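Here the structure is laid out as structure tokens; the discussion comes afterwards.
All ligand and atom numbering here is 1-based and tracks the order in the structure. Here the structure is a predicted model, which is why all the values come from computation and not from measurement.
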Amino acid sequence: MPPSNIVLVGFMGSGKSSIGRLLARRLDFDFVDTDRLIIERAGTEISEIFARHGEDHFRDLESAAIESLRGAEGKIIATGGGAVLREKNRASLRELGLVVGLTASEDVIFERVSRNSKRPLLQTENPRATVHALLAAREPLYREAAQLTIDTTRLSHDDVADRILAEARDRFSWNGAA
Ligand code: S3P
């Protein structure tokens with residue numbers, strides 16, 4: 001049976017939420033963003049969760065949000081950039097469906113994340129160096145988690161969505177059916 005959801009993983013600024021929404025519209029699927037699930041359940045912003053309770057607590061909430069999706073069907077699921085850090089999350093995401101990794105060049109990532117100052121992990125003295133270090137540390141995890149990886153650097157959102165759907169159909173016989 002083909003997987004019934006598409007899961008998007010990738011670094012902050014790789015386009016998971018924008019592409020996810022577009023895919024959901026195209027396929028007439030629901031769009032779910034694990035960061036939004038965490039915010040709704042906690043009743044507060046992610047920056048506040050980090051500030052008050054620390055990253056480990058945020059990661060626990062993130063794992064719980066991923067677990068809560070078990071059995072979901074017909075969804076496009078965008079994850080936070082650190083969702084791949086825990087092995088258990090990587091296994092759960094794979095069980096949910098086809099895991100697609102989105103990448104972009106470091107310059108483009110930095111340019112995109114600089115437009116928004118809400119990300120707690122990038123509130124450092126040298127955000128550029130932080131992006132570089134986090135990307136280097138996480139790259140192998142994104143690669144391990146994803147069955148299909150798309151470089152979004154030079155593509156429009158529509159092009160990325162086209163490519164995901166074409167490759168999903170060709171390589172994984174994915175037709176969106178549960
Ligand atoms: C994080 C990425 C964020 C959010 C949190 C931590 C990370 O999501 O989950 O700030 O560890 O990379 P986005 O990738 O949607 O920005």
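In this structure, CD1 in I6 is found 4.0 Å from CD1 in I76, a value given to the nearest 0.5 Å.
G13 and R112 make their closest contact through O-NH1, 2.8 Å (heavy atoms, listed as atom of the first residue, atom of the second, distance).
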Review item, side-chain donor-acceptor pairs of residues 35-51, under 3.5 Å, at least two apart:
unit_1: R41; atom_1: NH2; unit_2: S68; atom_2: OG; d: 3.0
unit_1: E48; atom_1: OE2; unit_2: R52; atom_2: NE; d: 3.1
unit_1: E48; atom_1: OE2; unit_2: R52; atom_2: NH2; d: 3.3

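Within 4.0 Å of ligand 1, heavy atoms belong to protein residues M12, K16, D35, I46, F58, R59, G80, G81, G82, R119, P120, L121, R138.
With Q147 contributing its side chain and V99 its backbone, the two residues share a donor-acceptor pair below 3.5 Å.
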Fill in: Residue pair T130, T124: steps toward the side-chain hydrogen bond (donor to acceptor under 3.5 Å, both in side chains) verdict
CA-CA 7 Å; T130 306; T124 61; 2.7 Å; yes

Discussion item. Apply salt bridge (Lys or Arg N to Asp or Glu O under 4.0 Å) to residues R26 and D162 and explain how you reach the verdict.
Written reply: CA-CA 10 Å; R26 290 249 198 118; D162 284 344; 2.8 Å; yes

